[in-house]
Amino acid sequence: MKKELPKTYNPAEYEDAIYKKWEQSGFFNPDNLNLPDTAKSYTIVLPPPNITDKLHLGHSAMLAIEDLLIRYHRMRGERALWIPGTDHAAIATQNVVEKKLLREQGKTRHDLGREEFLKRVWEFLKTTQTMILHQTRKMGASLDWSRQAFTLDEPRERAVRKLFSDMYHEGVIYRGVRVVNWCPRCQSTLADDEVEYKEEKSKLYWLKYGPFVLATARPETKLGDTAVAVYPGDKRYEKMVGKKFMIPGVLGEFEITVVADRAVDPKFGSGAIKVTPAHDFTDYEIAQRHHLPVKQVINEHGRMMANTGKYAGLTTKQAREAILADMEKMGLLDHIEDGYLHNIAVCYRCGTQIEPIPSKQWFVNMDKKLKHLGGKSLKDKAIEAAETGQIEFIPARFKKRYLDWMNNLHDWCVSRQIWFGHRIPVYYRKQEMTKSQIPIFNEIPNSKSQTLNKGSGTDEEIYVGEEAPAGEGWIQDPDTLDTWFSSGTWTFSTLGWPDNFVKGKKAGDLDRFHPTQVLETGYEIITLWVSRMIIMSFFALNEIPFEKVYLHGMILDKHGKKMSKSKGNGIDPLDMIDKFGADAVRLSLLMGNTPGNDAKYSEEKIASFRNFNNKLWNVARYIITNYELRITNYEFNAGELTLADKWILEKLKNLIKAVILDLEKYQLAQAGEKLREFTWDDLADWYLEISKFEKNKEKSQILNYVLENLLKLWHPFMPFITEAIWQEMGYDRMLMVEKWPKSDAIASFQHNKEKFEVIKQIIIAIRNARAENKIEPTRKVKAVIYAGKRKNLVAEQAEPIKALRTGIGELEVKTDGQKIAGAIYAAVGEIEIYLIGAIDSEKEKARLEKEIDNLEKAIKTAEGRLANKEFAAKAPGGVVKKEKDKLKGWREELKKFREQLGNIK
RNA sequence: GGACAAUUAGCUCAGUUGGUUAGAGCGUUCCGUUCACAUCGGAAAGGUCAGAGGUUCGAGUCCUCUAUUGUCCACCA
């Protein structure tokens, strides 16, 4: 069957139809692959993109990499499952919608109320979600849409409620009082990861503080001071440690205790610091260690509280000024230092300065020893998993980052004072919930963790469970959960946990697909997400969530800057797909990109892969339009094969082996590089050119065979164009579910491969000599080759040598003979080549001199190496022999070049 | 302050247990459209592998230090 194809590949003509065909086939779902029970599973859960915005090129890279892995494993006959989904991204989404609301209607979320506001959020996320799913399909991602999930849909809500409840009842989740990062604008606590630091120059105030003089940047917190801390053994203060002092202040005298604590830097300031446990993290820790009272003076709106007398109601900034003025009057201010450089903590969303304040929050205890984990804590298990290599990081260096973080892990605050997210499954009775849920503490009794019914003097009942409790008067906790709490369940909640987990036994999808094989994600998310999935999976299933963590780098713009909307340097994947096709976009993201390293990106890069796509298209076009297709049973008669046939088959055999090896090692770009080289250099530039004049009855078979295998090997990288060509070849079945090539299926022609390389070298040498001598391409030249022991080979291959752009008219091949004066000379090892009657003496002289120069340099290096006695004595025999052979060959070549140069002079 | 990376051709990057004259793409220069493809073909130029030491018969590759750039973590009262 022969047919016509356009000269250039037009992606738009094929992509949507092909994706539809794939999707309708049902093969994205491994249950439809008709695999034997013994088939291995290969599962990836897609890191769910935030529904705050449409996808950018970073997401495209993620999709390209994961789809490559999934398609490869699917073709290898594995139960390949890739689960799609999106992430509700609690705070981020709420913020986006709030900002939009404020901009468009001038309203805050409080104006609308919780229910109405959440309605708006859901409306918003429907549109972005639709966009994201569309973009994902356009990339060609072979995700199993029948298992699509959302981190805030009903099944995930059940999983989250169950997990929270189980954790609570096992004592892993507790309600505690903590100084938390509080954003007065967002009215929410922030996780440590959500806090950013900004350098700022401010004033440092030196206060007269009873018997001390000490420095502070925040004098207003003095109202909450309960201690002074010094470094243990500091001679200046040794005698005061353990004593109590009355300190004069703007509201009269107050009592402090002097404690010794190693958190103090004796070299900073006066070596003594005031301790404000309620409004500073270090101070809170000091207070814990020394059982100091905690006195809150700043509330959740960043204003001074009722217990601050005349300052009550002022913002911290106003209070600072008022207090400073009063201190000045009272003579309590020693002096002020200007230009003090320090970091201030700000909210990552809105940039507002963080106020550390004490608050009741829900925490996950990382150190609690658990019976079902064999007496180990979640932290123990998470550390062990990486240390023993149960979970492997690619690249390996990220293991260290993960472990550093894990080892320093403190309890995880999971409650958030926002509306959008998983509502905490905790119910209270007989307590009036304050609007803000931030209790006002004057004196907080000191206990590391406390449950509400005993801790702070309230008398409420508390209920934690998957469903709301029966009975009257229960009110659900108004807070929601940290978004990572739900995304932490991603590997198992998407596989049917908890329904598929009965009496400690996995069933259904959970049994078949968990643990997953690889988590592919960005390195910036290791601590936020990867670590939490590991923790959650151990708690829920006592097993790892994935075997490997493959970390990709960031996609930067061509100047090396992070792409962002505000900078306007972002590239929209859909625009690029429209312009160059999805395959070109995928390839440009896969190639020249190694795990863990950032990659600069430019449109020119995509264009070059679009060009490559077209090259592949034309290779196929040539074969399809010139040869018989639809060969069902390949049988090569070795006796009929030419040298070039054997060469390309051997190349293909090696290629299959190498690509598999690279892919197994997750060296995706390297596999792609080898494929590109084979396609463009070996197949298009050499074999196809030869096939134009070398006609034997095996050609049609071999060309088809090579093309088919090549399409299979390329398919995971460029699914659309390969499937399109496959269709054009006339196959009804889909390439997507074809069997992956086996190198064993091809007989070895190693010996012939080397022979062909010699012919290639001869051709290249002739082309070079012609170009350097400026011989017009159309001019035919006579060539004489003294081929030594290669005489028969060269004589047999006269046709390729003449036809492949060497411009050889007449070719004479001998074993050896006289030097030919006045001819252009070239050499390949011992083989001498003369081009007669076209010499440009000057140019030829320059060319020979250059060759001689190169050879002399190489010979010098090799001689030096061999002259070293240690080298001969210590290097492996093979290396020494190789070196000697090389040297010998170069010397022979050099000799001939020199003689030839002499002939010209 | 701590950690981790990067530094290889004009640009973007490969280079897997140390072993040919260190590679590719883009760009550049010269030549070429009867050719499947000008989104193409042929040829070429271009690198003291950031710097300094060290280990080794042998270092782009291993070790130490330095410089520059980037990222992450911690944190300053």
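Every chain is numbered from 1 and lettered A, B, ... according to where its sequence line falls, protein lines coming before strand lines.
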Heavy atoms only, 4.0 Å cut-off, all strands: where does [X] land among base, sugar-phosphate and nothing?
{"X": "A:N593", "value": "nothing"}
{"X": "A:K857", "value": "nothing"}
{"X": "A:R676", "value": "sugar-phosphate"}
{"X": "A:E604", "value": "nothing"}

Under a 3.5 Å cut-off for both contacts, is [N] paired Watson-Crick or G-U wobble with anything, and if yes, with which nucleotide?
{"N": "B:rG47", "result": "none"}
{"N": "B:rA24", "result": "B:rU12"}
{"N": "B:rG1", "result": "B:rC73"}
{"N": "B:rU17", "result": "none"}
{"N": "B:rU64", "result": "B:rA52"}
{"N": "B:rG58", "result": "none"}
{"N": "B:rC40", "result": "B:rG32"}

* Give a yes or no answer on whether the side chain of A:D338 reaches the backbone of A:K203 with a donor-acceptor pair at less than 3.5 Å. => no
* Donor-acceptor contact present, side-chain A:D280 to main-chain A:T282, <3.5 Å -> yes
Nearest listed nucleotide, side chain of [X], among [options]:
{"X": "A:K692", "options": "B:rA5, B:rC35, B:rA38", "value": "B:rC35"}
{"X": "A:K600", "options": "B:rC57, B:rU12, B:rA14", "value": "B:rU12"}
{"X": "A:R805", "options": "B:rG41, B:rG25, B:rC37", "value": "B:rG41"}

Has [X] got a side-chain N or O lying under 4.0 Å from the OP1 or OP2 atom of [N]?
{"X": "A:K274", "N": "B:rA77", "value": "no"}
{"X": "A:T282", "N": "B:rC76", "value": "yes"}
{"X": "A:N768", "N": "B:rA44", "value": "yes"}
{"X": "A:N611", "N": "B:rC40", "value": "yes"}
{"X": "A:K400", "N": "B:rC73", "value": "no"}
{"X": "A:W617", "N": "B:rU39", "value": "no"}
{"X": "A:R401", "N": "B:rC4", "value": "no"}

So [X] and [Y], would you call those rings parallel, tilted or perpendicular, with 30° and 60° as cut-offs?
{"X": "A:F398", "Y": "A:Y523", "answer": "parallel"}
{"X": "A:W206", "Y": "A:H335", "answer": "parallel"}
{"X": "A:F393", "Y": "A:Y402", "answer": "tilted"}

* Can you tell me how far C1' in B:rG19 sits from the matching atom in B:rA44, rounded to whole Å? -> 29 Å
* Scan nucleotides 15-21 of chain B nucleotide by nucleotide, 5' to 3', and note B when protein non-hydrogen atoms come under 4.0 Å of the base, S if they reach only the sugar-phosphate, - if neither. => SB--BSB
* Asked: Rounded to the Å, how far apart are A:I725 CD1 and B:rA36 P?
  -> 17 Å
